[in-house]
Each structure stands twice: as C-alpha cells, then as structure tokens.
Amino acid sequence: MTQNSPPLVLPPSLSRNVAALQDKDRNRLDDTITRLHTVNGRLWDTEDRVRGALLSAAQVADCKREIDQLNAERNLLAERADEVLGSLADAGRADAPLHTETLASVVDRLSVLTLRIWHSERAAARDELARRRVPALHGQREELCAALDALVSDVVAGRRRLPVPARFKLYGRDDAAPAEIKPSRRLRRVLAFGGLSECGKSTSAEFVQRTCGAQRFKIGFLLRQAAHREGLADPYALSPRRQAELLLGELNRFADAHVDTELFTIESVHDDASIAELKRLMGDALQIVYLDASFAVRVERSGTPAQAVAAKDEIKMSRGAHRVAALADHVIDNTGSIAALRARLRRIAAPPASTALRAATPYGLGLPAAIASATADFTDAVRAYGPGVRLAALTGSPGEGSWIAGWSDLDLLVIAEHEAIGRVHEALEQYRTALGGAASLGPTLVTPGELTARRLTPRLAFVLHQLQQGSPVLHAAPGLELPEISPGELAFAAVRELPQVILTMRRLRADAGPTTLRQLYKHLVLACRLLLREHNQWESGPDRILAAASRMPGLTALSVPSLTEISSAWRDGEAELVLKPVAMAVDQLLTWYAAQLAA
C-alpha cells in the first residue's frame, strides 16, 4: 500500500478459507492482494495529482501513461488472485446459479472502498459533505463484506458458480495481458547500492568497478535516458513498477550491446518501492547491498556539519532510503576497516563456488619413493586436523608431471583457517625432516577468507586456475569453495606480475654465474609464460614455453638447451656448460622487452 494508507482487511469467512489453503497458495495470494491494494492506492494518488495541480501537457501525459500502466497491473493482479481464489470453489451442480463477478473483483471493490473511507475521513475535518458521507461509506463496507462472505460460503458449498476470471484488458496493446519485461539473458548480475548519506555507496561501487570490471551506472541517469527515449517528462512521477521497468529496459539495452560485460552496479537506491519492484522483475540477478553506518561516523567521514548530513538524510528517508535495508540481500556494517569492507564487496561481486577437484596420491605424481612417502605422511597429518585444513596440493611441476629430482622444488599450497596455521607449521617441520634434503620445500599458506575476498597474488591466481582445470590435489575438504579464476583475470594478473619478474631477471643477469643458473633459467621461463598469457597462449612445460615465446612478433628465436640438458648439467656440477646460452637468451628477451615499451 502507499505510505500512510489503510490496510485491507478481508471479511472473516474469506479469511478462514484462505487460512486453510496450502502455504504456497496462501503466501502467493497474500502477496497478490497486498500488491493489488498498493496499486489501487497509487492509482488514487495519481488521479488526484492529474486533477489537482496545474500540470503541463507533458506532465498530464505522464500521469495518463501511469494510470494506464497501473490499471493494466491492477487487472493482471486480480486475475492472479482469482487463480488461487478459484481453488476454493466446489464443482457443485453444473446448473448452479452463475455469479456476476469473480471473488477477486469483489476484493478489488473492497480495496477501493477502503481507500475511499480513509480519504473521506481525512477530508472530513475541512469538508462537511465528506463528513456526512463517512457513516454511509462504513455502512457500504459492512454490506460488501457481508455479501462477500455469503458469496464465499455459497462458492465453497457449490451453491454458486464463478465466471471465467480472464479480463482481456488491452490498454492500447494487441495482447490480452500486459507484457512483463524480463531481464536479458546477457544481463547476468547487477549490484544495487543503497544507504543514507556518506555511508560509502559511491566508494563501494567505484571499488567494484575498479577491481571486478563492473559497469557502473547512476539510477538517475538510467531513468533520464529511459524518459528521453519514451517521451516522458518526469519519470519520478511514475509508479514504482513503471520506474523499475524503465530501469530494467535500460540495463537490458546496455547488456545486449556490450555482451562481454558480466557485472553492473547501480546507485544510489533511495526509493524502497521501486527497488522492490525491480527485485521482483530480476530475482537473484539483482543483489541489493545496503551500507550501514552510525550518524556520528557518517558525519566524521563527510567533513561537513552534522546539520548538513541530517538534512540530506531527511530527504533520502522521505523517499524510503532507510527502508531499503529490509529488502537488501546484503547489509554491510561500514564502520570497520577498509579491508573488511572490501573483502565483503569482493565476495558479493564475485562469489566463490564449490569446485570439483581431482584428488591424487603422492605416488601418482611421478615423485621418487622417499619423497612420495614423506608427502603422504604430511597429507595424512593435515587431513587429521579436520575442517581447519581445507586443501593441500603440490603445484607446478608435480602437477604437470615434469618434476625433476635435484632440480625441481616442491611447491606446496595449503589452505587453512588461521587458527590451524600453527599445527600446519608443525606438520611442515616434520615434512622437511622426512625429506632430508632430497628436495627443497616451498610452502604457500593462505586462509579461506583471503581466497574468497580475492586477496590473491598473480601466482596464486594461476595456481587456483590450474587446480580448477584439473591439476591434482592431495587433500580437499568437502564443500570447499574457491574463487573462480577466468582466463581474462589471468591475463591481467600476468600484466601485474611481469614487471617484477623482469626486474628480478635483470638482477640475476647482473650476478650471472653457476650458482644463479637455476634461478636465472626459471625466471626466463616464467617471463616467457607471462608474455604468452598476454597473447592468450597457454603453454605448459619449460621447453614448449620457450619454443612458443620464440615465435612472438619481433623476438629472435631463443636458442636454449632443453630442460633435461640444463638440469643434468646443474646436478652434475657443470652449470658453466649451459650458463652462456641461458644468459644470451635472457639478454635477447630483455632487449626485446625494452624495445616493446620504448616511447
């Protein structure tokens, strides 16, 4: 119902029969009748507006369009109500008398009469004619309620039949019922930010835009665009339902024209009625995010006097901004740290998902028996810690099946709750002892919260992508959720990581010698792998990566010994034999890279 309007009270016999319906039907009917009464209230207000004030021709046209839209919605809701109310009827005799109207039509008349009584009582203080009408109106309502109860009793007992509920109202359209606008299949996900003044709406939307690639819109801009497109003078004078349709239409239009955009944000949500209608149209594709903060905190952040913030709050609250919290899918207490806010926003914008991971034993990774045995003992230890340890996996060469004794490291990823990290440290110490120097262990410890908040280094993002693509894990807890890493994200991660790799490679090249051969070669391969990702090439294995990189535009072919030759020379203490070609390949790559970025 409209703000400060009266509730619609159904007569007792109808209420009892409705209460006996199944929960699903009863809830559907309650929602439909509530919306019907709300639409009638808005119709009353709009008709008052078009009759009362001096409006321009364009504003009168807007009001007439709104009245048509509300009438169409009113008839659609009445038909939906009759779909449920019709189930109360007993089949009865085929020759039972036919009533002139459906049950929903009577409920609709009761709604209008309830509104007429309420408006008349408000006018009675200043209008003698209205005051004299009030008792008669109450009498009409009592008679209508009694007639409706009698009709319900007759219908339930089969003594009276109801007409077909379809109304076939056109309102200028060719179809029998108003077409309901639906989200485009390309409009995948929309975040709507609401809250009072200085609560962080714009800051949050900007963060999601910057970190998640969202397309950001102001609600006012979308409404003005839609109004211009449809020849409307004032979209804010339209019903909440019509405003929601205009918003969805503009979002659909943009999504259809920009098919690669997967996330949109809209701000600021100050009208609870229109965002509720948009939620009905979009369902879970629309996520309403309400940012909450105390008045004192918001005043401090604004840098303006408290009176200025209070004045802005008053305007927003008059439109229903504070009531958006009750509709929100996510309410964020934005009085804490920026880190907490951003973590919550990342989880909302890019929610983690359960991932089907491929499990393998250490003995199936091509590791020597002693190393596989030590790895199996470590896996058993962390698995015994229960849900505190969510995942353990050897990444890199063990996962790719290219691990070489005496050359390759054991890169280990462990996802564990912060409280379990101490026990993981103990297991790692036992793991190192069991390895006995047979391999160098490089553990990466990360908490589930860091992952779902997408606080990821580029290398960690690549490891997660590899796991999701089928690289094996040693242990994964049931129901483990991981952030989905797309190839596009990895390409951007490569752009971020490559500068540090290049700087490190230059430092290693300056100190090139037998002792730095291994690091120098690995950074050469890593730099080439990152460059290939920018070209959307996803090679694995050092030999194939270097061969593919040699075909990049303008780069002279890299003449580097095979991994087998380099690792053998390293293990045999003959690193000098392969150092020169590796160093020359590094020089080639660095020279080419500098030329690509020259002004």
Side-chain angles (χ1 to χ4, degrees), residues 183-195 200-201 203-217 251 255 259-267 269 275 278-292 324-325 327-334 336-357 387 390-391 413 415-418 446-458 460-469 473 476-493:
S184 165
R185 62 183 179 84
R186 296 188 177 94
L187 186 63
R188 299 175 181 89
R189 190 169 174 81
V190 178
L191 304 185
F193 288 99
K201 299 182 295 294
T203 301
S204 297
E206 182 182 3
F207 174 76
V208 172
Q209 178 188 39
R210 186 175 68 252
T211 59
C212 301
Q215 177 65 47
R216 182 182 173 194
F217 285 114
L251 289 169
V259 296
D260 292 332
T261 303
E262 297 189 353
L263 180 64
F264 296 82
T265 67
I266 56 176
E267 56 181 290
V269 180
I275 199 64
L278 187 59
K279 182 70 173 178
R280 289 190 183 100
L281 291 171
M282 295 188 63
D284 288 341
L286 174 68
Q287 294 289 293
I288 304 171
V289 182
Y290 187 86
L291 292 148
D292 197 16
V324 173
L327 306 171
D329 300 283
H330 312 275
V331 177
I332 300 178
D333 179 4
N334 191 19
S337 69
I338 294 293
L341 171 65
R342 290 179 173 176
R344 185 77 182 276
L345 290 173
R346 291 300 294 267
R347 292 187 186 100
I348 294 170
S354 296
T355 305
L357 300 174
R390 310 306 307 280
L391 179 140
L413 171 65
I415 302 173
E417 299 290 352
H418 179 71
V446 61
T447 67
E450 291 171 81
L451 295 183
T452 57
R454 303 184 81 89
R455 290 298 181 105
L456 310 175
T457 64
L460 183 53
F462 178 69
V463 167
L464 293 175
H465 178 76
Q466 291 294 89
L467 295 179
Q468 291 164 352
Q469 294 301 306
V473 301
L480 175 64
E481 291 187 334
L482 298 176
E484 294 186 12
I485 311 296
S486 68
E489 288 180 271
L490 288 185
F492 285 119

* Ignoring hydrogens and geometry, is there a side-chain-to-backbone donor-acceptor pair from Asp292 to Asp333 under 3.5 Å? -> no
* Asked: So, do Leu413 and Leu460 sit near enough that their side-chain heavy atoms are less than 4.5 Å apart?
  -> yes
* To do: Please name the pair of heavy atoms, one in His418 and one in Thr447, separated by the smallest distance, quoted to 0.1 Å.
  => N-CG2, 4.0 Å
* Drop me the distance from Leu464's CG to Leu357's CG, to the nearest 0.5 angstrom. => 9.5 Å
Please set out all donor-acceptor pairs under 3.5 angstrom arising from side-chain atoms of residues 477-489, sequence neighbours excluded.
{"from": "Ser486", "atom 1": "OG", "to": "Glu489", "atom 2": "N", "distance (Å)": "3.1"}
{"from": "Ser486", "atom 1": "OG", "to": "Glu489", "atom 2": "OE1", "distance (Å)": "3.4"}
{"from": "Glu489", "atom 1": "OE1", "to": "Arg454", "atom 2": "NH2", "distance (Å)": "3.1"}
{"from": "Glu489", "atom 1": "OE1", "to": "Ser486", "atom 2": "N", "distance (Å)": "3.1"}
{"from": "Glu489", "atom 1": "OE2", "to": "Arg454", "atom 2": "NH2", "distance (Å)": "2.4"}

* Structure fact -> In this structure, CD1 of Ile338 is separated from OG1 of Thr203 (nearest 0.5 Å) by 7.5 Å
* Ile266/Leu251 under side chain to side chain contact (heavy atoms under 4.5 Å, CB included): CA gap, chis, key distance, verdict -> CA-CA 10 Å; Ile266 56 176; Leu251 289 169; 4.2 Å; yes
* For the side chain of Lys201 and the backbone of Leu291, is there at least one donor-acceptor N/O pair under 3.5 Å apart? -> no
* **Listed partners of Ala493 passing side chain to side chain contact (heavy atoms under 4.5 Å, CB included), at least two apart** => Pro458, Arg496
* Asked: Looking at side-chain heavy atoms only, is the closest gap between Leu278 and Ile288 below 4.5 Å?
  -> no
* Asked: Around His330, counting heavy atoms of other residues, nucleotides and ligands shown, do more than 12 lie under 6.0 Å from its NE2?
  -> yes
* **Evaluation steps, side chain to side chain contact (heavy atoms under 4.5 Å, CB included), between Phe207 and Leu341** => CA-CA 10 Å; Phe207 174 76; Leu341 171 65; over 6 Å; no
* Might you work through the side chain to side chain contact (heavy atoms under 4.5 Å, CB included) test for Ile332 and Leu345, ending with a clear yes or no? => CA-CA 9 Å; Ile332 300 178; Leu345 290 173; 4.0 Å; yes
* Asked: Looking only at heavy atoms, what is the nearest atom pair of Ala476 and Val473, with distance?
  -> CB-CG2, 4.2 Å
* Structure fact -> Separation between CZ (Arg346) and CG (Leu456), nearest 0.5 Å, reads 7.5 Å
* Closest contact, heavy atoms only, Ser204 versus Phe193 -> CB-CE2, 3.8 Å
* Separation between CG of Leu263 and CD1 of Ile348, rounded to the nearest 0.5 Å -> 11.0 Å
* Identify the two heavy atoms, one from Val208 and one from Ala349, that lie closest to each other, and give their separation to 0.1 Å. => CG1-CB, 4.0 Å
* To do: Please assess Thr211 against Arg342 for the test side chain to side chain contact (heavy atoms under 4.5 Å, CB included), listing each intermediate value before the final yes or no.
  => CA-CA 10 Å; Thr211 59; Arg342 290 179 173 176; over 6 Å; no
* Between Gln287 and Arg189, is any pair of side-chain heavy atoms under 4.5 Å apart? -> yes
* Structure fact -> For Gly195 and Tyr290, the nearest pair of non-hydrogen atoms, with its separation, is CA-CE1, 3.5 Å
* Any donor-acceptor pair under 3.5 Å from Arg347 side chain to Gly449 backbone -> yes
* Between Thr265 and Arg216, is any side-chain donor less than 3.5 angstrom from a side-chain acceptor? -> no
* Would you check if Asp329 and Lys279 make a side-chain contact, meaning some heavy-atom pair closer than 4.5 Å? => yes
* Arg210 atom CZ, over 12 foreign heavy atoms within 6.0 Å -> yes
* Where Ala214 and Gln209 come nearest, the two heavy atoms and their spacing -> O-CG, 3.3 Å
* Answer yes or no: is there a donor N or O on one side and an acceptor on the other, between the side chain of Ser184 and the main chain of Arg186, under 3.5 Å? => yes
